[in-house]
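If you're wondering where the values come from, they're calculated on a predicted model, not measured in any experiment. Each chain gets a letter, A, B and so on, in the order the sequences are listed, and its residues count up from 1.
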Number of protein chains: 2
Amino acid sequence: MVLLSKNTNNFKYINSKMKSPQVTIHDIAKILKISASTVSRALSDHPRISTDTKKKVKALAKKLGYQPNIVASNLRVGKTNTVGIVVPRINRNFFSNVIGGFEEVVSNAGYRMMITQTNETYNKEVENIKALINARVDGIIISLSAGTKAYNHFKLVQRNGIPLIFFDRATDKIESSKVVIDDLDGGYSAVNHLISQGCKKIAHFAGPEHLIIYSNRKKGYLNALKKRNIDIRDDYIVNDIITKDTGFDACRHLMGLKDKPDAIFAASDFSALGAMVYLKENGYKIPDDVALVGFANEPFTSLIEPGLTSVDQHSNEIGIEVAKLFLDEVKHTPASKICRDIIIKPDLIIRKSSRKKT
Amino acid sequence: MVLLSKNTNNFKYINSKMKSPQVTIHDIAKILKISASTVSRALSDHPRISTDTKKKVKALAKKLGYQPNIVASNLRVGKTNTVGIVVPRINRNFFSNVIGGFEEVVSNAGYRMMITQTNETYNKEVENIKALINARVDGIIISLSAGTKAYNHFKLVQRNGIPLIFFDRATDKIESSKVVIDDLDGGYSAVNHLISQGCKKIAHFAGPEHLIIYSNRKKGYLNALKKRNIDIRDDYIVNDIITKDTGFDACRHLMGLKDKPDAIFAASDFSALGAMVYLKENGYKIPDDVALVGFANEPFTSLIEPGLTSVDQHSNEIGIEVAKLFLDEVKHTPASKICRDIIIKPDLIIRKSSRKKT
DNA sequence: ACAACTTGTGCAATCGATTGAAATATTTTT
DNA sequence: AAAAATATTTCAATCGATTGCACAAGTTGT
């Protein structure tokens with residue numbers, strides 16, 4: 001049984017089974033017969049409060065199980081210590097890894113995360129962004145949805161003075177900090193590796209063109225071919241192939257050509273997997289008949305047989321870098337309009353699916 | 001250039017590049033020469049406000065890009081429309097799937113999510129719970145960390161009148177709603193299936209005993225053996241084996257026994273995978289020499305060769321059920337102390353690793 | 001002994017939206 | 001045209017913590 005005296009002439013008996021109203025600094029102040037401001041200052045170790053009252057206040061706060069009402073504090077101070085996160089899907093390995101890395105850093109700095117998903121649609125992205133602005137988050141980090149082709153909602157974010165950081169799927173239509181991986185380099189080294197393994201007819205499963213990450217992977221592919229003086233063949237490039245099913249179909253199409261490719265560089269591990277399934281089902285040898293390289297280094301790539309060579313994106317590290325950038329931006333907000341681009345070098349993880357020589 | 005008159009005698013010129021202070025209902029009120037309360041009511045379509053003023057207010061609100069300050073609203077109303085989520089790790093497939101399902105339901109009901117991870121430690125769990133209480137979330141949903149063996153922090157949640165729902169990893173030490181899968185049934189049907197395939201010497205990789213989910217899976221294993229009159233052999237049960245590496249080692253140990261098992265039911269897909277790797281490396285045939293069944297139906301189980309038979313937990317559905325339960329509890333809060341247990345039946349997904357007959 | 005600090009605490013405004021009750025305006029009724 | 005009923009709007013308090021400023025008591029210096 002706890003006894004609270006908020007109105008001195010109106011005691012309330014709180015049964016421990018009832019929802020007890022939260023203890024406030026005013027409750028503590030009343031009991032100790034001091035002012036709420038003193039309680040507030042005592043709790044935050046203000047130098048002008050005597051050690052004696054600090055002790056008393058803290059002791060009572062502990063005894064009553066006082067928990068500061070952050071909402072009230074937020075309103076007054078104008079900060080929420082919360083970061084908004086917008087991703088296409090939470091349960092996608094890459095995104096949850098980035099978020100995991102991000103969380104570890106910002107939570108240690110006292111920030112909490114509010115996570116939303118867009119399901120790859122523009123409408124939900126806009127909706128989420130607005131909700132986060134309303135919630136007065138201290139910053140927003142986002143990876144664009146595939147359906148996003150307009151960017152005005154980000155202007156809204158910036159007009160509200162909220163730091164905005166893109167990661168992975170970014171746009172150059174908005175001036176803001178970004179953390180991306182060097183997809184061009186990733187594509188380049190993947191294809192370069194295939195060439196080194198002796199492949200001469202390398203096909204490519206490209207992703208949706210308007211997402212920079214995919215167009216860069218394709219550029220990397222093209223650059224590598226040029227550099228090594230291999231002709232670029234349009235019929236070896238299949239667009240918008242990033243799922244297992246479309247990868248399967250695209251592979252069948254390629255293997256139906258008169259002049260079959262001897263390697264495929266897929267912009268997605270899943271489409272590479274689809275190709276692998278098709279090839280195995282139809283008696284092609286991997287990597288001897290067709291070598292395969294995917295992109296993203298999904299967990300399954302090391303578990304399937306043969307292991308799928310893939311480009312690792314250091315997703316956890318991306319999260320950490322985004323976090324650092326964010327912490328830096330809120331520190332200087334709103335003074336400097338720093339825009340930094342962090343480009344992370346991916347790593348090619350070579351496995352059996354492309355390793356011809358030992 | 002936007003012109004705001006907050007103090008009538010102190011105009012502020014806001015350059016569009018500056019961080020513009022957020023528009024409030026007071027700004028709108030001043031401009032329209034009406035009171036802030038009217039603006040507030042107009043915006044929320046209060047019946048006692050004339051259609052005329054509603055129109056004017058809404059028009060101006062739109063023009064000024066007014067965004068309600070939810071923090072202020074939260075403080076006044078005493079709700080935050082936010083759910084706190086505590087999971088061991090965000091980037092674990094199962095959890096991110098549950099969260100994904102959960103999000104879809106609650107976001108449509110106007111709730112946002114605050115997600116925290118414990119990294120399987122008790123301390124971080126307590127810390128996260130306290131932070132969520134401070135943030136005044138409207139509810140907390142949690143899957144226990146492996147390191148949690150004390151439960152007082154949940155009493156704190158309940159004392160604050162915050163609905164609390166456990167999912168997957170729950171405890172019966174706290175009276176509260178839960179959504180779990182029927183692990184016992186899952187274990188039972190996995191082992192029953194192995195017996196039907198002709199296996200007689202079935203080993204088990206169990207998980208940490210103090211997590212109910214694992215002890216139930218083991219019970220299911222034991223029950224199935226009893227029911228089918230197969231002797232239980234202690235040397236076929238290896239405890240605390242849930243990772244790929246420990247699965248590999250445990251499998252080596254089992255295959256070193258004089259009387260080798262002819263099947264393994266692993267409480268985790270990862271330890272089953274470890275076993276599979278060991279068996280393949282050492283020339284054993286799967287499922288003919290040793291049949292394998294895992295648990296969780298991780299994405300990789302369908303991608304590896306042979307496909308790993310596994311128990312699907314309907315993770316997405318768990319999230320949806322938790323969400324429904326949550327929405328129901330906040331609706332009735334704080335009146336009724338409803339405690340419901342939702343038990344979801346898992347599905348055995350049979351693949352090559354255990355299919356002996358065709 | 002008196003000015004000049006230092007130390008410790010309280011007062012009251014503030015953040016922005018919400019809401020019960022009171023006040024004013026408008027329409028209807030008699 | 002006055003009374004009654006209804007429709008709109010405003011007032012003022014509130015949520016709980018924070019903070020500039022004022023004030024009182026105690027110290028130091030000359």
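When each of B/K124, B/Q117, B/E127 is paired with A/S107, the side chain to side chain donor-acceptor pair (under 3.5 Å) condition holds for B/K124 and for no other.
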(request) Under the ring pair (Phe, Tyr, Trp, His ring centres under 6.0 Å) rule, what do B/F154 and B/F166 come out as? Steps first, then yes or no, please. (result) CA-CA 10 Å; B/F154 298 117; B/F166 289 89; 5.0 Å; yes
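In this model, the phosphate group of C/dA17 is not approached by any side-chain N or O of B/S40 to a distance below 4.0 Å at OP1 or OP2. Within the 4.0 Å cut-off from OP1 or OP2 of C/dG8, not a single side-chain nitrogen or oxygen of A/T53 is found. Remark: B/Y66 is not in phosphate contact with C/dG16, judged by side-chain N or O atoms under 4.0 Å from OP1 or OP2.
No hydrogens or angles considered: nothing links the side chains of B/Q67 and A/R136 as a donor-acceptor pair under 3.5 Å. In summary, the side chains of B/E120 and B/S145 do not present any donor paired with an acceptor at a separation below 3.5 Å, with no hydrogens or angles considered.
Across D/dA17, C/dG16, C/dT9, the shortest atom-to-atom separation from the side chain of A/T38 is found for C/dT9.
Spacing between atom CD1 of B/I49 and atom P of D/dT9 amounts to 5 Å, rounded to whole angstrom units. With rounding to whole Å, A/L32 atom CG is found 15 Å from C/dG8 atom C1'. Atom CD in A/Q67 sits roughly 15 Å away from atom C1' in D/dA17 (whole-Å rounding). Spacing between atom CG of A/N69 and atom C1' of C/dA17 amounts to 15 Å, rounded to whole angstrom units. Rounding to whole angstrom units, NZ of residue B/K79 and P of C/dT18 are separated by 14 Å. When the C1' atom of C/dA17 is taken as reference, atom CG of A/N134 falls 13 Å away, rounded to whole Å. Atom NE2 in A/H26 sits roughly 9 Å away from atom C1' in D/dC15 (whole-Å rounding). At whole-Å resolution of the value, CZ in A/R76 and C1' in D/dT18 are 5 Å apart.
Taking the ring centroids of A/F326 and A/Y111, they lie under the 6.0 Å cut-off.
Both B/S35 and B/R136 lie near DNA chain D, and the one whose nearest nucleotide falls closer to the 5' end is B/S35. Remark on DNA chain D: of its neighbouring residues B/H46 and B/A72, the 5'-side contact belongs to B/H46, judged by nearest-heavy-atom nucleotide.
Using a 4.0 Å heavy-atom distance criterion, B/S50 is classed as a sugar-phosphate-only contact. Residue B/I70 is classed as having no contact, given no heavy-atom separation below 4.0 Å to the nucleic acid.
Under 4.0 Å is where a charged nitrogen must lie from a carboxylate oxygen, and between A/K178 and A/D168 no such pair does.
Atom NZ in A/K56 sits 8.0 Å away from atom CD1 in A/I34 (nearest 0.5 Å).
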Produce the list of close N/O pairs, under 3.5 Å, pairing protein atoms with atoms of nucleotides 20-23 of chain D; give distances to one decimal.
| from | atom 1 | to | atom 2 | distance (Å) |
| --- | --- | --- | --- | --- |
| D/dG20 | N7 | A/R41 | NH2 | 3.4 |
| D/dG20 | O6 | A/R41 | NH2 | 2.6 |

